[in-house]
Amino acid sequence: IGLYITRSLDGGNTFSSRLVAPHASQVYCAPKLSTQSERAAPFYRGPDIAVDKNSGRIYVAWSDPTACRPDQNFEYSQYGYDFNIYSSYSDDKGDTWSVPVEVDDDLSQGDQSFPSLTVDADGNVYVAFVDHRNNQDKPQFDIYLAKSTDHGETFSQNLQINAVSVPDTYGGVRNIGDYLRMVSAGPKNIYIAYPCASNDPNYQYKDSPGDACVSVIDKSSWNPPIGRPPLPSQC
């Protein structure tokens, strides 16, 4: 049990494993396409890795379920519940790692997966990911972005990137992608590339992602508050 990375410090001649997160689940436990579906959404859990070239700090982001729940009607014997995105860092070439922090700010038990991680020249960390917090009773997903301005200690409130939710009715490993490398950060802008719904009226598969989209976020205009939003008041 646990999340490991494999590293080489001698140019690839030898490799060794280092433990990143001892409590990360390694059991295959796919999420549901929706709360109304018994089909699996085999999301990519990561990890994704990025390095701050100035400080040498290594960042890792991954997705992990809160629990695996048995369900005799599900296409597997159990399903993953409430996947979240986590991040950790190392300042000693992977020997030791910080306590993982949660990247997504979802409080609804929706699933987040496909983490994509990058670090800009100023040391800010960006994580893009596939998200199912909205309309969890429907087989669809959205794309969200989070930012850390304190070198991975905390992450901002999340920003939804897409305007129209992307259908994923049939699931399947390649409907979204085996892996996604979604985010890149330049001097002025953040670029997010992601699967999206097709605008082609003749596109045959309307229940699946049919296109690739790119969104551009101006760094100067996006200064989100750090941390999770407050819990809704209870009456």
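As the structure is a prediction and not an experimental result, all values here were calculated from the model.
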(message) What's the separation between atom CG in D211 and atom SG in C196, rounded to the nearest 0.5 Å?
(response) 4.5 Å

(request) Step by step, work out the side-chain hydrogen bond (donor to acceptor under 3.5 Å, both in side chains) result for S198 and D200. (result) CA-CA 5 Å; S198 176; D200 184 354; 5.1 Å; no

(request) Provide the closest heavy-atom pair for V166 versus P195 in the form atom of the first, atom of the second, distance. (result) CG2-O, 3.7 Å

(request) May I ask you to decide if Q36's main-chain N or O and D137's side chain share a donor-acceptor pair within less than 3.5 Å? (result) no

(message) Is there a continuous path of hydrophobic side-chain contacts, each under 4.5 Å between heavy atoms, that joins F83 to L145?
(response) no

(request) Can you see which heavy atom on A40 is nearest to which on A30, and at what distance? (result) CB-CB, 3.9 Å

(request) Grab the two heavy atoms, one from D71 and one from E38, that are nearest each other, plus how far apart they are. (result) OD2-OE1, 3.3 Å

(request) Could you pull out all residues at least two apart from S55 that satisfy side-chain hydrogen bond (donor to acceptor under 3.5 Å, both in side chains)? (result) D52

(request) Rounded to the nearest 0.5 Å, what's the gap from OG on S34 to CG on N135? Could you check? (result) 10.5 Å

(message) Apply side-chain contact (heavy atoms from CB on, under 4.5 Å) to residues V101 and F155 and explain how you reach the verdict.
(response) CA-CA 8 Å; V101 297; F155 282 85; 3.9 Å; yes

(request) Report yes if some heavy atom in the side chain of K219 is under 4.5 Å from a heavy atom in the side chain of I190; otherwise report no. (result) yes

(request) Quick one: pull up CG in D104 and CG in N84 and give me the separation to the nearest 0.5 Å. (result) 4.5 Å

(request) Taking side-chain hydrogen bond (donor to acceptor under 3.5 Å, both in side chains) as the test, write out the residues that go with K138, two or more places apart. (result) none

(request) May I ask you to decide whether D82 forms a salt bridge with R69, counting only side-chain N to carboxylate O separations under 4.0 Å? (result) no

(message) Rounded at 0.5 Å granularity, tell me how far OG in S215 sits from CD in Q160.
(response) 10.5 Å

(request) Taking the side chain as every heavy atom from C-beta outward, state whether S116 and L180 have any atom pair closer than 4.5 Å. (result) no

(request) Might you confirm whether atom CG of N199 has over 12 heavy atoms from other residues, nucleotides or ligands at distances under 6.0 Å? (result) no

(request) Heavy atoms only: give me the nearest P167-F141 pair and the separation to one decimal. (result) O-CE2, 4.4 Å

(request) Kindly work out whether a path of hydrophobic side-chain contacts (I/L/V/M/F/W/Y, heavy atoms less than 4.5 Å apart) joins I5 to V51. (result) yes

(message) Under the criterion side-chain contact (heavy atoms from CB on, under 4.5 Å), I'd like the reasoning laid out for V183 against V127: C-alpha separation, chi angles, the key distance, then a yes or no.
(response) CA-CA 7 Å; V183 63; V127 184; over 6 Å; no

(request) Answer yes or no: is there an ion pair linking R7 with D95, defined by an N-O contact shorter than 4.0 Å? (result) yes

(request) Please say whether the positively charged group of K32, taken as NZ for Lys or CZ for Arg, lies over the ring of Y79, i.e. under 6.0 angstrom from the six-membered ring centre and within 45 degrees of the axis. (result) yes

(message) Closer than 3.5 angstrom, by distance alone: can the side chain of D48 be matched with the main-chain N or O of L117 as a donor-acceptor pair?
(response) yes

(request) Give a yes or no answer on whether the side chain of N158 reaches the backbone of D105 with a donor-acceptor pair at less than 3.5 Å. (result) yes

(request) Please determine, by modelled atom types, if N134 and Y144 share a side-chain donor-acceptor pair under 3.5 angstrom. (result) yes

(request) Identify the heavy atoms of S88 and W97 that sit nearest to each other, and give their distance. (result) OG-CB, 3.5 Å

(request) State whether the side chain of S90 and the backbone N or O of T96 hold a donor-acceptor pair below 3.5 Å, judged by distance alone. (result) yes

(message) Tell me whether R45 is salt-bridged to D64, with the criterion being a basic N under 4.0 Å from an acidic carboxylate O.
(response) yes

(request) Find the distance between CH2 (W62) and CD1 (I49) and round it off to the nearest 0.5 Å. (result) 11.0 Å

(request) Taking atom types as modelled, find out whether D106 and Q112 have a side-chain donor-acceptor pair closer than 3.5 angstrom. (result) yes

(message) Assess the residue pair F129 and I143 against the criterion (side-chain contact (heavy atoms from CB on, under 4.5 Å)); give the C-alpha distance rounded to whole Å, side-chain angles, the decisive distance to 0.1 Å, and a yes or no.
(response) CA-CA 6 Å; F129 48 92; I143 306 297; over 6 Å; no

(request) List the steps and the verdict of side-chain contact (heavy atoms from CB on, under 4.5 Å) for I217 and I192. (result) CA-CA 8 Å; I217 306 299; I192 305 98; 3.7 Å; yes

(message) Run the side-chain hydrogen bond (donor to acceptor under 3.5 Å, both in side chains) test on S8 and D10 for me, step by step, so that the C-alpha distance in whole Å, both residues' side-chain angles and the decisive distance to 0.1 Å come before the verdict.
(response) CA-CA 6 Å; S8 174; D10 57 10; 2.9 Å; yes

(request) Tell me, yes or no, whether the heavy-atom count around K93 atom NZ, taken from other residues, nucleotides or ligands under 6.0 Å, exceeds 12. (result) no

(message) Per the ring-ring contact (aromatic ring centres under 6.0 Å, His included) rule, what does the pair list look like for residues 175-197, sequence neighbours excluded?
(response) Y44-Y179

(message) What I'd like to find out is whether the side chain of L3 reaches to under 4.5 Å of the side chain of V60, using heavy atoms alone.
(response) yes

(message) Tell me every residue that passes side-chain hydrogen bond (donor to acceptor under 3.5 Å, both in side chains) with N124, counting only those two or more places apart in sequence or in another chain.
(response) D120

(message) With a 3.5 Å distance limit and no angle check, can you tell me whether S98 reaches the backbone of Y89 through a side-chain donor-acceptor pair?
(response) yes

(request) Verify whether one side chain among T118 and S184 offers a donor that lies under 3.5 Å from an acceptor in the other. (result) no

(message) Measuring from atom CZ of R39 to atom CD of E75, what distance do you get when rounded to the nearest 0.5 angstrom?
(response) 5.5 Å

(message) Quick check: closest heavy atoms across Y81 and Q109, and the distance to 0.1 Å?
(response) OH-CG, 2.9 Å

(request) Please write out which residues are connected to Y205 in a hydrophobic cluster, directly or through intermediates, given that two of Ile, Leu, Val, Met, Phe, Trp, Tyr count as joined at side-chain heavy-atom separations below 4.5 angstrom. (result) Y203

(message) Salt bridge check, D111 against R133: does any charged N sit closer than 4.0 Å to a carboxylate O?
(response) no

(request) Return yes if some donor-acceptor pair links the side-chain N/O of D168 with the main-chain N/O of P139 below 3.5 Å, else return no. (result) no

(message) Among residues at least two apart in sequence or on other chains, which ones pass side-chain hydrogen bond (donor to acceptor under 3.5 Å, both in side chains) with D150?
(response) S148, T154

